[in-house]
Amino acid sequence: MTNKQTLLRNLPKVDKVIDLLNEKEFFKDKPYKEVYDAVNEGINFFRKGILEEVITQYSIEDIENEITKSLTKNLEFNFKRVINGTGTILHTNLGRALFSKELIEHLQNSLCGYSNLEFDLKTGERGSRYSHVEDLIAKVTGAEAALVVNNNAAAVMLCLNEFSKNTEVIISRGELVEVGGSFRIPDIMELSSAKLVEVGTTNRTHLADYQKAINENTSMLLKVHTSNYHISGFTKSVSNKEIAELAKEHRIISMEDLGSGVLIDFSKYGQKKEPTIFESLNSGIDLITFSGDKLLGGPQCGVIIGKRELISKLKKNQFLRAFRVCKMTISALEFTFKQYVDEKVAIEKNPTLNRILEPISEVFKRAEILKNLLKDIEIDSEIIETKAIIGGGSMPDATIDSYGVAITSLDGKQVETAFLKEDTPIVGRVQNNQFFIDLKTIHSDEYSIIIKNFKKFLERV
Ligand SMILES: *Cc1c(COP(=O)(O)O)cnc(C)c1O
């Protein structure tokens, strides 16, 4: 018999290994199904290795170690914290807006027990889940009324279905956007049974283009914030005010999909200006929709604000039941908007606004701290000026001056690959084959995790 056959034959049986491991402290309290799977994976690992002749000897301890590794991996959560070293503040792939510790504390208080989600404490009768945030959103934004659904895509869909089912919606060709996660205005139109009428050209649309397209079948003029690209040069678009007036003249609805809902005039704080919710409302637009987890800095949801009469109609649409938000969203959104009652509080406490508006000197300090911590473990790095990106459907050219740390003494690609596999992965950039971490999106409680990952990397190479 060849050595290969002997090795295969001597591989222990699954049941035997389970009996053996059940005696051990680490395996005792683990779910049987997980242990069973891990044992199978462990033994299969060796079977495959022997067949491919990469394993030519093993001990029972080797097998046990492999099983322990498998079990540890299988018991981990899939959804977990990731360190964002990319410098993109609202990163759709990394979870967009962050929750503050205070918000989590509030959620703990409001969600661990029963709640008045749909219970009116004044009358003791059935209430509406939307009532918890409706007046607050109206107060903060200055709108007549408000409604909340699962995300902004649902908000747009609900409005189109309610007001433009089987009728025509006019939109500029320059605003037929696709945003991340395959939100395409033409597709949403089709799903909502609204008929899309495109006017103008990609770079230029005039008021007369809208005027000419209006007929007795038209129900809405729609503006969409071109949130992820920017057309420059020979361009012309029609202002909200002109759109609102034209719609009024023809007794049809004007609506704007703002994408990212901004309540703070960033230019007051030395950053580039984003169109605000107030400006959109003041222009006379009837309905505005925006995301909860972009620049607002709250939970994932879609907020619809505007004329009371229109919002009341939306509340009766059957799609609302399918788009309804959960209690966690209601609670988190109320918390988020309450901070906006005083702009100063929002800027101080909301993690998204915090990051956007903090002075650059703070970012530089963090870069220096990280560089020094790296030096302590004998890793060389350089502080580099960079541009952080706001992201999440804000203006595509909205960048913020920032600082990053480039690792000069390690292979960038190797670091990148290794860091994705860590317990707390770090997502950075690789430029000139150097791993690069932008400090804009790093929090001061994350240094220890970063350093731990680098230490582990050094041990391996
Ligand atoms: C982001 C965005 C959406 C989609 O919002 P979600 O909350 O992700 O559904 C729609 N329209 C515009 C203009 C956007 O920027």
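Computed from a predicted model, the values in this text were never measured in an experiment. Note that the numbering runs from 1 along the sequence shown for the chain. Worth knowing before you read on, the calculation uses all heavy atoms, side chains too, and leaves out hydrogens, waters and symmetry mates. We count ligands from 1, going down the list as the structure has it; atoms in each ligand are counted the same way.
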**Q** Can you tell me if Lys344 has over 12 outside heavy atoms packed within less than 6.0 Å of its NZ?
**A** no

**Q** For residues Glu162 and Asn317, is any side-chain donor paired with an opposing acceptor at under 3.5 Å?
**A**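 A donor-acceptor contact under 3.5 Å links the two side chains.
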
**Q** With no hydrogens and no angle check, do the side chains of Asp257 and Asn152 hold a donor and an acceptor under 3.5 Å apart?
**A**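 Present: a donor and an acceptor within the cut-off.
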
**Q** Pick one of side chain, backbone, both or neither for how Lys294 approaches ligand 1, counting any non-hydrogen atom pair under 4.0 Å.
**A** side chain

**Q** N/O to N/O below 3.5 Å, does that happen between His225 and ligand 1?
**A** no

**Q** Taking distance alone, with no angle check, do Asp293 and ligand 1 share an N/O pair under 3.5 Å?
**A**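 No - when backbone and side-chain N and O of Asp293 are compared with those of ligand 1, no distance drops under 3.5 Å.
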
**Q** Is it the side chain, the backbone, both or neither of Glu175 that has a heavy atom closer than 4.0 Å to ligand 1?
**A** neither

**Q** Checking side-chain polar atoms at under 3.5 Å, does Asn217 have a donor or acceptor matched by the opposite partner on Thr167?
**A** no

**Q** For residues Tyr114 and Phe119, establish whether the separation of their ring centroids is below 6.0 Å.
**A**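 No; Phe119 has its ring centre 6.0 Å or more from that of Tyr114.
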
**Q** If we only count N/O pairs under 3.5 Å, is Ser260 in contact with ligand 1?
**A** no

**Q** Would Arg96 count as a contact of ligand 1 if the rule is a heavy atom under 4.0 Å away?
**A** yes

**Q** Quick check: Ala153 and ligand 1, any N/O pair under 3.5 Å apart?
**A** yes

**Q** OH of Tyr36: more than 12 outside heavy atoms within 6.0 angstrom?
**A** no

**Q** Heavy-atom contacts with Asn151 under 4.0 Å: which atoms of ligand 1 show up? List them by number with element.
**A**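 Close to Asn151: 7 (O), 9 (O).
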
**Q** Applying the side-chain contact (heavy atoms from CB on, under 4.5 Å) criterion to Gln211, which one of Leu246, Ile170, Val199 satisfies it?
**A**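 One option only clears the test, and that one is Leu246.
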
**Q** Which of the numbered atoms in ligand 1 are under 4.0 angstrom from any heavy atom belonging to Ser291?
**A** 5 (O), 6 (P), 7 (O)

